[in-house]
Amino acid sequence: MFNKTIKPTLAASLVALSFSALANNNDNESRYIIQVDNNGKGIVKALARQAGGDIKVDADGFIAATFSGKSLAEVKGLLNNPHVKLIEQDQVRRPMALFNDDAGDPSATQITPYAVYQAQADQVTFNASAGMKVCVIDSGLDSSNSDFVWSAITGDNDPGTGNWYDNGGPHGTHVAGTIGAADNGFGVIGMAPGVDMHIIKVFNESGWGYSSDLAYAAQKCSQAGANIINMSLGGGGANSTEENAFIDFVQNGGLVVAAAGNDGNNVRSYPAGYPAVMMIGANDADDNIADFSQYPSCTTGRGKKVTTDETICVEATAGGVDTLSTYPAGGATMASLTADGAGVDVSSMENGGDASGSAYFMGIGDSVDTNAAGKICVIDRGSVSFYDKVNNCESSGGIGAVIINNEPGILYATLGETNDTTIPAVGAAQEDRDTLVAASTMDISIGTSDYGFMSGTSMATPAVAGVAALIWSNHPQCTGEEIRSALKATARDAGAAGKDVYFGHGIVQAADASAYLTANGCSGGTSDGTGEEPTGGDLSLSATGFKSKGTKYVDLAWGDATTSNVDVYRNGTVVTSTANDGAYTDSINTKGGGTYQYQVCEASSTVCSATVTVTF
């Protein structure tokens with residue numbers, strides 16, 4: 001039988017890059033967010049237009065506008081008005097997905113992606129009557145894919161992006177499938193099958209958007225009644241308007257998850273880097289961290305001002321390598337190869353169609369060889385371009401081409417933008433070379449599919465969003481922050497023992513998290529995985545809040561602890577483990593007000609202080 005491999009079409013490559021790999025758009029340099037007093041918004045909008053501004057977003061409490069050729073300082077001068085609270089750069093945000101293939105054929109039967117098993121999602125039943133709704137901020141969900149409960153899906157568009165149900169590339173459709181593809185006997189099954197979704201299309205035709213778009217989208221998510229926001233996207237630079245929008249969503253009981261990033265370094269990207277947002281990394285099917293998954297530090301500052309906050313680094317991971325999910329109809333290609341009747345895994349390189357015939361080994365394919373006429377050319381990689389190899393095969397009368405990799409693994413490649421060949425061409429693995437070179441006959445088939453594979457923290461993030469919806473549907477009395485804590489408390493440790501910067505607390509586990517909430521209640525346990533709630537009152541604690549240069553600080557002083565280290569909790573989550581010297585200053589990198597609850601506990605125990613509240 002055929003072994004089928006699905007590969008996204010070239011259109012996917014527009015969004016299949018990590019954000020830093022794409023060139024900066026010059027328009028970003030002159031687009032700004034203006035926080036306003038709503039009562040005076042009309043005045044500010046008029047001033048902005050008089051100053052040459054083109055208003056792009058008009059949201060609750062802010063607008064975003066471009067000012068061609070004007071710096072931030074110049075715009076601040078032009079809009080010096082008492083109704084203006086703040087003016088800041090509008091940061092670019094991009095999808096976070098890499099590009100890959102794998103074997104599989106979802107057209108014949110329903111397939112359960114490996115991440116579902118890995119996250120125990122197959123062990124928990126989704127409660128559709130709980131009213132869970134996931135808001136997916138991305139490139140739209142294409143209405144051409146039938147693997148959704150469309151009656152449960154609504155949507156909005158950000159300005160200039162087009163209809164939410166028309167894809168702006170396959171990224172958003174792939175993400176939505178991981179969250180909630182239906183349990184219907186075909187295609188794939190999502191983490192929370194058939195969950196209500198609200199789709200907000202924020203990416204333009206070029207495959208990027210702005211931080212103001214995300215802030216506006218968060219408001220729309222709230223208006224739609226969403227419990228969870230999924231953002232498989234990110235970019236450089238923090239933005240207070242964007243951050244405040246997610247703080248508001250969380251303070252109203254929601255959960256926000258976002259992708260850590262795909263550059264494989266320790267850079268913190270946003271919105272994942274905001275404390276209100278749960279940062280998600282990616283692992284593969286073998287519980288290894290993905291080599292592209294970013295791993296920012298949990299510490300900030302220098303010297304005595306160093307602070308540790310686990311909400312600004314990776315908190316958990318899920319499967320995000322070679323993830324099978326939904327595509328716009330016909331948006332992926334399916335390649336298959338048999339050699340002497342036995343299936344061989346391959347990738348689609350170019351040119352749809354079928355070819356069957358005798359096999360002919362053409363060496364490196366660097367010249368025309370008439371012996372290949374009417375046959376399928378088997379060609380080694382090397383010396384000349386892939387296009388030249390396939391073109392020489394076709395010029396020799398060949399009817400199809402198989403190019404074998406010269407390093408381990410399947411060859412994933414194209415024939416270039418100027419490809420004018422017509423015969424179907426596939427890439428094969430070095431490990432299958434002996435079989436392919438010795439084969440007498442071959443069959444190649446390349447066709448379209450509604451399902452494809454992607455890799456990235458973009459794929460891991462909706463897995464966590466779906467798991468959160470699945471768990472929450474069985475514990476609807478909980479808040480988003482309590483679901484967040486349960487996911488971390490029950491995550492399966494991977495990588496180095498204990499919490500680390502790559503996996504955070506580990507790989508999310510749906511069944512364990514649901515059982516944990518059943519046993520302990522919504523707030524029943526610590527985020528260190530002990531499953532025991534801090535008792536309170538065993539240690540003394542005082543807390544004093546103050547601001548300096550716009551940053552909030554809380555001075556903590558405690559007594560009666562007997563361990564060498566203590567755990568400091570803010571709003572039920574450990575923000576640092578520090579020396580038991582009786583004092584610690586917590587830095588909160590958010591603007592505006594807020595209420596924060598603190599406890600200090602002896603390290604890894606439930607011997608704790610009472611909760612002390614600080615309000616700014």
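These numbers come from the heavy atoms of this one structure, side chains and all, not from hydrogens, waters or symmetry mates.
Under a 3.5 Å cut-off, the side chain of Thr457 and the backbone N or O of Gly261 do form a donor-acceptor pair. Between the side chain of Ser139 and the main chain of Gly172, a donor-acceptor pair closer than 3.5 Å is present. Although no hydrogens or angles enter the test, the distance criterion places no donor-acceptor pair under 3.5 Å between the side chain of Trp558 and the main chain of Ala583. Asn127 places a side-chain N or O within donor-acceptor distance of the main-chain N or O of Ser129, the cut-off being under 3.5 Å. Using modelled atom types, one side-chain atom of Ser211 and one backbone atom of Gln91 make a donor-acceptor pair closer than 3.5 Å. Here the side chain of His198 pairs no donor or acceptor atom with the backbone of Ile229 at under 3.5 angstrom. Remark: the backbone N or O of Val600 is paired with a side-chain donor or acceptor of Ser609 at under 3.5 angstrom. Using modelled atom types, no side-chain atom of Glu602 and backbone atom of Asp567 make a donor-acceptor pair closer than 3.5 Å. Although no hydrogens or angles enter the test, the distance criterion places a donor-acceptor pair under 3.5 Å between the side chain of Asp142 and the main chain of Asn167. No donor-acceptor pair closer than 3.5 Å links the side chain of Asp156 to the backbone N or O of Ile199.
Side-chain contact between Asn145 and His174 is absent, with no heavy-atom pair separated by less than 4.5 Å. At least one side-chain heavy atom of Pro271 sits less than 4.5 Å from a side-chain heavy atom of Glu242. For the pair Met278/Val256, no side-chain contact is recorded, criterion being any heavy-atom separation below 4.5 Å from C-beta on. Under the 4.5 Å side-chain criterion, counting only non-hydrogen atoms from C-beta, Val314 is not in contact with Val501. With contacts defined as side-chain heavy-atom distances shorter than 4.5 Å, the pair Thr611/Gln597 qualifies.
Residues satisfying the side chain to side chain donor-acceptor pair (under 3.5 Å) criterion with Ser514, sequence neighbours excluded, are His475. Looking at residues two or more places apart in sequence or on another chain, you find no side chain to side chain donor-acceptor pair (under 3.5 Å) involving Gln223. The salt bridge (charged side-chain N to carboxylate O under 4.0 Å, His left out) check on Asp581 picks up nothing, with sequence neighbours excluded. Taking Glu315 as the reference, Arg484, Lys488 meet the salt bridge (charged side-chain N to carboxylate O under 4.0 Å, His left out) condition, with sequence neighbours excluded. A search for side chain to side chain donor-acceptor pair (under 3.5 Å) contacts involving Thr563 returns nothing, not counting sequence neighbours. With sequence neighbours left out, Arg570 forms a salt bridge (charged side-chain N to carboxylate O under 4.0 Å, His left out) with Asp309, Asp586. Among residues two or more places apart in sequence or in another chain, the side-chain contact (heavy atoms from CB on, under 4.5 Å) test is passed with Ala463 by Thr178, Met191, Ala318. Remark: Asp512 engages no residue in a salt bridge (charged side-chain N to carboxylate O under 4.0 Å, His left out) (not counting sequence neighbours). Shown here are the side chain to side chain donor-acceptor pair (under 3.5 Å) partners of Asp248, two or more places apart in sequence or in another chain: there are none. Residues meeting the side-chain contact (heavy atoms from CB on, under 4.5 Å) test with Ala469, sequence neighbours left out: Val134, Ala192, Val195, Ile228.
In this structure, Tyr451 has its ring center no closer than 6.0 Å to that of Tyr327.
A donor and an acceptor atom, one from each side chain of Asp555 and Thr585, are located under 3.5 Å apart. Checked by atom type, the side-chain pair Asn565/Ser577 shows no donor-acceptor distance below 3.5 Å.
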If you apply the rule side-chain hydrogen bond (donor to acceptor under 3.5 Å, both in side chains), what do you find for Glu88 with Ser240, and how did you get there? CA-CA 8 Å; Glu88 59 187 342; Ser240 67; 2.9 Å; yes

Any chance you could lay out the side-chain hydrogen bond (donor to acceptor under 3.5 Å, both in side chains) test for Asn266 and Gln294, step after step, and finish with the verdict? CA-CA 6 Å; Asn266 63 358; Gln294 284 172 225; over 6 Å; no

Would Ser325 and Thr323 count as a side-chain hydrogen bond (donor to acceptor under 3.5 Å, both in side chains) if you check the C-alpha gap in whole Å, the side-chain angles of each, and the deciding distance to 0.1 Å? CA-CA 6 Å; Ser325 189; Thr323 299; over 6 Å; no

Could you go through the side-chain hydrogen bond (donor to acceptor under 3.5 Å, both in side chains) check for Thr317 and Asn283 one step at a time? CA-CA 6 Å; Thr317 68; Asn283 57 259; 2.8 Å; yes

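In terms of heavy atoms, Tyr114 sits closest to Gly320 at OH-N, 3.4 Å. When every heavy atom of Ala511 is checked against every heavy atom of Gln123, the shortest pair comes out as CB-OE1, 3.6 Å.
Considering Asp90, Ile33, Asn239 as possible partners of Tyr210, the one that fulfils the side-chain contact (heavy atoms from CB on, under 4.5 Å) test is Asp90.
When the shell of 6.0 Å around OH of Tyr117 is examined, it contains 12 or fewer heavy atoms from other residues, nucleotides or ligands.
Legend: salt bridge (Lys or Arg N to Asp or Glu O under 4.0 Å) pairs involving residues 489-511, not counting sequence neighbours, sorted by first then second residue: Asp287-Arg492. Identified under the disulfide bond (SG atoms under 2.5 Å apart) test for residues 237-297, with sequence neighbours left out: none.
The distance from atom CD1 of Ile137 to atom CG of Asn230, rounded to the nearest 0.5 Å, is 8.5 Å.
Ring-plane geometry between Tyr270 and Tyr274 is classed as tilted, the angle between the planes lying from 30 to 60 degrees on a 0 to 90 degree scale.
Geometric assessment of Lys220 against the ring of Tyr216 yields a positive cation-pi assignment under the 6.0 Å and 45° thresholds.
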